[in-house]
Amino acid sequence: MDSIEFDAIIRHPRTIIHIDVDCFYAQVEMLRHPELQSKPLGVQQKNIVVTSNYLAREYGIKKCMSVEEALQLCPELALVNGEDLTHYRHYSAKILKILHRFTPLVERLGFDDNFLDVTSIVQKYMNSGNDSELNISINMEDEHPVGKVFGPSEEECPCGCHSRLIIASKIAAEIREQIYKDLHITCSAGIGHNKLLAKLVGLLHKPNQQTLIFPCSAAMLLSTIESVSKIPGVGQKTTQLLMSNNIKTVDDLRKTPLEALEKKIGIDLARKLKDNAEGIDETVVKPTGKRQSIGLEDGFKSVSLIAEVESRLGALLRRLTELAMEDGRIPVAMRLTVRKHDFNKSASGKRETRQCALPKHLLPSSKSGIYDHAKMLALAMKLFHRTVDVSKPFHLTLLGVAFTKFEERSSGKNSITSFLRKQVAVQSVLDISSEEGVSDINLGSPMSVNQDSNDGSAMSTTSSPISKPIGTNNQTVDDDVLNEIEPLPKKTRLEVWLSGRRESPSNEMADLRLSPSSPMQLSPKIDAAVLKSLPIDIQREVTRSWPTTSKPKSNNILKYFIANK
DNA sequence: ATGGGTCCT
DNA sequence: AGGACCC
C-alpha cells in the first residue's frame, strides 16, 4: 500500500467518551435528603452556592453565586452544607468503579468529570459483535447512534471512525444506564475522536443526555464556542493575555499566525491552541492512578490567635490521618497552606505553603496502628511558625494541611523496600553514593514502617495525650519532631541514580519507554547485569519508576506505556 | 469565591 | 514554593 494512502486512512483512530456527572454535589445531596428531591436545592460552602440542582438553575442560580444573591432569585431555595466532601468522595469512587468495568483507561478531572478511551473495546465489538468479558450487549444491527448528534453526518469518513463513534454512543448509553441503575445518579456524555471534542460536545445536551460528534464537524463545534476561555487549558491568565492581544474568539485564534501567537503566549500553548481551534487534540487519556496528594482546607473570615490555629489544624489533622489510613499508603511529607488576609485588595491574598518531611516515627507503626496526633500537630505548628511571623499581628483566612508524598505499604520480603534495605551490595554496584550531598538520605530506613526499625519506639507510640507539652520529656523523640523539619530530601537514592541515568547523552530511558511489548528490554549501555541480578518483581518495580522520574513530554502516546501508581 | 486536585517552572 | 490549570 502506498504510504500516502496509508496516511489518508488512519486519521481518527481513537474513540473517546467523556462522562460528566450532572450537578454532582446536588445529586448526592438529593440522594441523602430524598425530601429535597423535588425542590430547588443549592449546595453551600461558606457563603457561596457552589452548585445547585437543575430545578434551582431554572431560577437563574449559577455556580459559585453568593447565598444572598441565590436566595433573592429563589427565596424557597433549600440549602445543604457541602463543605465536607466525604460523601462526594465516596460516590465519586463508586462511579469510578463502574467506569472501570468498561475500561481501565479512565482519566478523572475532579470528582465528577471522566474521560474514557474506549478505542479497544469498540474494536472488540466490531470484531465479535459482542464482548463476552463485559456482560453488556449492544445492538450491532442498528446503525444509528444513541442520543444526539452534533452537526451533519451524511458522508462517512474513510477512516472508519463513523461506525466506531456510533458503537461508542451505545457504550456511553450503557455506562450511563449502569451508573443510574447502581447509584441513581444521572450523567451526561460526549462522544468524539479526541478528548477536546468529547468534552465540548457533551456540554450541548444536559442533563442526563449524550451527544456525539463526527470528525467532520469538529471545526464547526469549535466555532460555536463564544470565547477562547471555553477551551480546556485556557484559564484566567491566558484569557487575559489573549484578550489584550485582541484574541477573543476561536476565529480570532485561527486568524492569528502561529509565529505571532508563539511570541505572545509561548510556543507550547500557542501550538496547542492553534490545534484546538481546528478541533485537533492528540492528548491521550491518562489513567488516573492514586492521588499525588491528600489534603484538607478550611476557610474562614479571620483567625488571629495561635490557639485557634492550633485547634483548627488539630481538627484538620485528625480527619487527614483518617483519609491517609483509608488510602493505605504511607505519607512521607506534610504541607501546610495558609492564606493571609489582604487588606489593600478586596480579594483574598495568595496562598503560601511550607513543606517538610514527615519523620517516620510519626507514622502509624505496626504496633499502635495509629498516628501520633500530638506530634503531627507539633510538626504542623512548626510549619506554621515558618510561614507566619507571630511576633506581629496576623489575620488568616485559610488553613490547610496535606500529605504530599507517599510510599506503598508493602510488607513482604518481595517488596523493593525490604530489598533495598538488605542489599547494600547492590547499592554499591549502582554507584549512586555522594552525589550533591544527598548520599545518606534514606539509607537505613527508606520506606515502610511495617518493619518497625524504630527501636525503642514502644514507649512513645502509645498513650501520649494531646495536651502533653512537646519537648518536656523523652528528649530524643521530641528532638526529632522539632529538628527534622529540614526541607525534604530532594531525591531518594534511587531517584538520584535514575536522574543520573536520564541525563546521560544516549538517553536509555527513551529506549525503555518505547518498548511497550517488552518493557524489560534494555539498551546494551544500561546496567542490564545489575538489573537482571534483581528478583523479577523488583525489576518490575524499578523499571516502573523510570518513566515517572524522567520527563516524557507532556502528552504523547508514551503515556499508554507508563504505569500509573 | 469553595474544597478539593493536577502538572509545570 | 509558587503558579497555572481543572472541577
Side-chain angles (χ1 to χ4, degrees), chain A residues 18-26 42-52 62-70 79-90 92 95 107-115 195-196 199 202-203 228-241 265-266 268-269 272-273 283 286-301 316 319-320 323 327 333 335-339 342 345-356 383 386-387 397-404 487-488 490 548 551-555 559 564:
Chain A
H18 181 250
I19 298 279
D20 186 34
V21 185
D22 302 320
C23 56
F24 179 48
Y25 289 6
V43 177
Q44 182 176 2
Q45 286 173 341
K46 294 299 176 302
N47 206 31
I48 278 167
V49 178
V50 291
T51 194
S52 62
K62 301 279 199 270
K63 285 183 181 185
C64 293
M65 188 176 266
S66 78
V67 170
E68 294 92 357
E69 205 179 340
L79 288 169
V80 174
N81 188 289
E83 289 167 18
D84 184 340
L85 307 189
T86 303
H87 300 107
Y88 313 139
R89 195 178 291 119
H90 186 235
S92 181
I95 290 166
E107 178 178 347
R108 285 207 306 163
L109 273 82
F111 283 176
D112 63 344
D113 206 321
N114 307 273
F115 291 100
K195 288 167 69 179
L196 175 70
K199 174 157 189 159
L203 296 172
V228 287
S229 65
K230 305 292 182 193
I231 297 176
V234 179
Q236 224 177 310
K237 297 288 175 178
T238 310
T239 304
Q240 285 307 316
L241 241 180
I265 63 174
D268 290 350
L269 193 55
K272 182 196 113 92
L273 291 190
T283 63
K286 188 195 175 194
T288 300
K290 301 225 183 177
R291 285 178 285 179
Q292 305 292 306
S293 67
I294 301 178
L296 293 171
E297 287 176 356
D298 190 7
F300 31 72
K301 279 280 177 301
L316 288 174
R319 294 171 53 208
L320 185 61
L323 291 176
D327 180 272
R335 174 154 70 210
L336 182 86
T337 303
V338 307
R339 189 178 58 204
D342 203 338
K345 292 243 173 185
S346 57
S348 5
K350 294 176 165 72
R351 289 153 193 258
E352 291 175 42
T353 67
R354 296 292 183 275
Q355 195 173 76
C356 72
L383 288 173
R386 250 216 265 160
T387 97
T397 62
L398 181 138
L399 281 167
V401 65
F403 293 140
T404 57
L488 270 182
K490 290 277 189 288
T548 41
K551 280 173 88 176
K553 197 55 189 172
S554 64
N555 267 309
K559 286 196 175 171
N564 200 284

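Proteins get letters first, then strands, A, B, ... in listed order; numbering begins at 1 in each. Heavy atoms only: backbone and side chains are in, while hydrogens, waters and symmetry mates are out.
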Novice: What does the B/S/- profile of nucleotides 2-7 of chain C look like, 5' to 3', with a 4.0 Å heavy-atom cutoff to protein?
Specialist: SSSSSS
Novice: If I take atom CD in residue A:E107 and atom P in nucleotide B:dG5, what distance separates them, rounded to the nearest angstrom?
Specialist: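 Whole-Å distance recorded here is 17 Å.
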Novice: Would you indicate, yes or no, if B:dT6 has its OP1 or OP2 atom less than 4.0 angstrom from a side-chain nitrogen or oxygen of A:K286?
Specialist: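 Checking A:K286 against B:dT6: no side-chain N or O falls below 4.0 Å of OP1 or OP2.
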Novice: Among residues at least two apart in sequence or on other chains, which ones pass salt bridge (Lys or Arg N to Asp or Glu O under 4.0 Å) with A:E69?
Specialist: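 For A:E69 there are no salt bridge (Lys or Arg N to Asp or Glu O under 4.0 Å) partners, ignoring immediate neighbours.
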Novice: Can you list the steps and then say if A:F403 with A:D327 is a side chain to side chain contact (heavy atoms under 4.5 Å, CB included)?
Specialist: CA-CA 11 Å; A:F403 293 140; A:D327 180 272; over 6 Å; no
Novice: B:dT2 P sits how many Å from A:L398 CG, rounded?
Specialist: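 In whole Å, B:dT2 P lies 8 Å from A:L398 CG.
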Novice: Under the 3.5 angstrom rule, does the side chain of A:Q44 hit a backbone N or O of A:N81 as a donor-acceptor pair?
Specialist: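 No: the side chain of A:Q44 does not pair with the backbone of A:N81.
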Novice: Salt bridge (Lys or Arg N to Asp or Glu O under 4.0 Å) with A:K46: which residues, sequence neighbours excluded?
Specialist: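 Per chain and number, A:K46 pairs via salt bridge (Lys or Arg N to Asp or Glu O under 4.0 Å) with A:E83, A:D298.
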Novice: Measure CZ/A:R319 against C1'/B:dG3 and give the value in whole Å, please.
Specialist: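 Whole-Å distance recorded here is 10 Å.
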Novice: Please give, in whole Å, the distance from B:dG5 P to A:E297 CD?
Specialist: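 The distance from CD of A:E297 to P of B:dG5 comes to 9 Å, rounded to the nearest Å.
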Novice: Should the ring pair A:F111 and A:F24 be called parallel, tilted or perpendicular, given that the plane angle runs from 0 to 90° and is split at 30 and 60?
Specialist: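 A:F111 vs A:F24 ring planes: perpendicular.
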Novice: Would you mind telling me which of A:R354, A:Q355, A:R335 makes a side chain to side chain contact (heavy atoms under 4.5 Å, CB included) with A:L383?
Specialist: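 When side chain to side chain contact (heavy atoms under 4.5 Å, CB included) is applied between A:L383 and each of A:R354, A:Q355, A:R335, only A:R354 qualifies.
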Novice: Return no unless some side-chain N or O of A:T288 is found under 4.0 Å from OP1 or OP2 of B:dT6.
Specialist: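 Negative; the distance criterion is not met.
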Novice: Return no unless some side-chain N or O of A:K46 is found under 4.0 Å from OP1 or OP2 of B:dG3.
Specialist: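 A:K46 to B:dG3 OP1/OP2: side-chain N or O found under 4.0 Å.
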Novice: Checking contacts here: which listed nucleotide (B:dA1, C:dA1, B:dG3) is nearest the side-chain heavy atoms of A:E83?
Specialist: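 Closest nucleotide among those given: B:dG3.
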Novice: Should the pair A:R339-A:E297 be classified as a salt bridge under the 4.0 Å nitrogen-to-oxygen rule?
Specialist: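 Salt bridge absent between A:R339 and A:E297.
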Novice: In whole angstrom, give the distance that lies between atom CG of A:D268 and atom C1' of B:dT9.
Specialist: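 Distance, rounded to whole Å: 12 Å.
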Novice: Could you state the CZ-P distance from A:R291 to B:dG4, rounded to the nearest angstrom?
Specialist: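 From A:R291 CZ to B:dG4 P: 10 Å.
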Novice: On DNA chain B, compare the nucleotides closest to A:F300 and A:I294; which residue's is nearer the 5' end?
Specialist: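 Comparing both residues, the 5'-ward one is A:F300.
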Novice: Between B:dT6, B:dG3, B:dA1, which nucleotide has the shortest distance from any of its atoms to the side chain of A:L85?
Specialist: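 Selected nucleotide: B:dG3.
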Novice: Could you state the CD1-C1' distance from A:I48 to B:dG3, rounded to the nearest angstrom?
Specialist: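 Distance check: A:I48 CD1 to B:dG3 C1' gives 11 Å.
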Novice: I need the CG-C1' distance between A:D298 and B:dG3, as an integer number of Å.
Specialist: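 Rounded to whole Å, this separation is 10 Å.
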Novice: Which nucleotide wins on minimum distance to the side chain of A:Q292, given the candidates B:dT6, C:dA1, B:dT2?
Specialist: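 Output: B:dT6.
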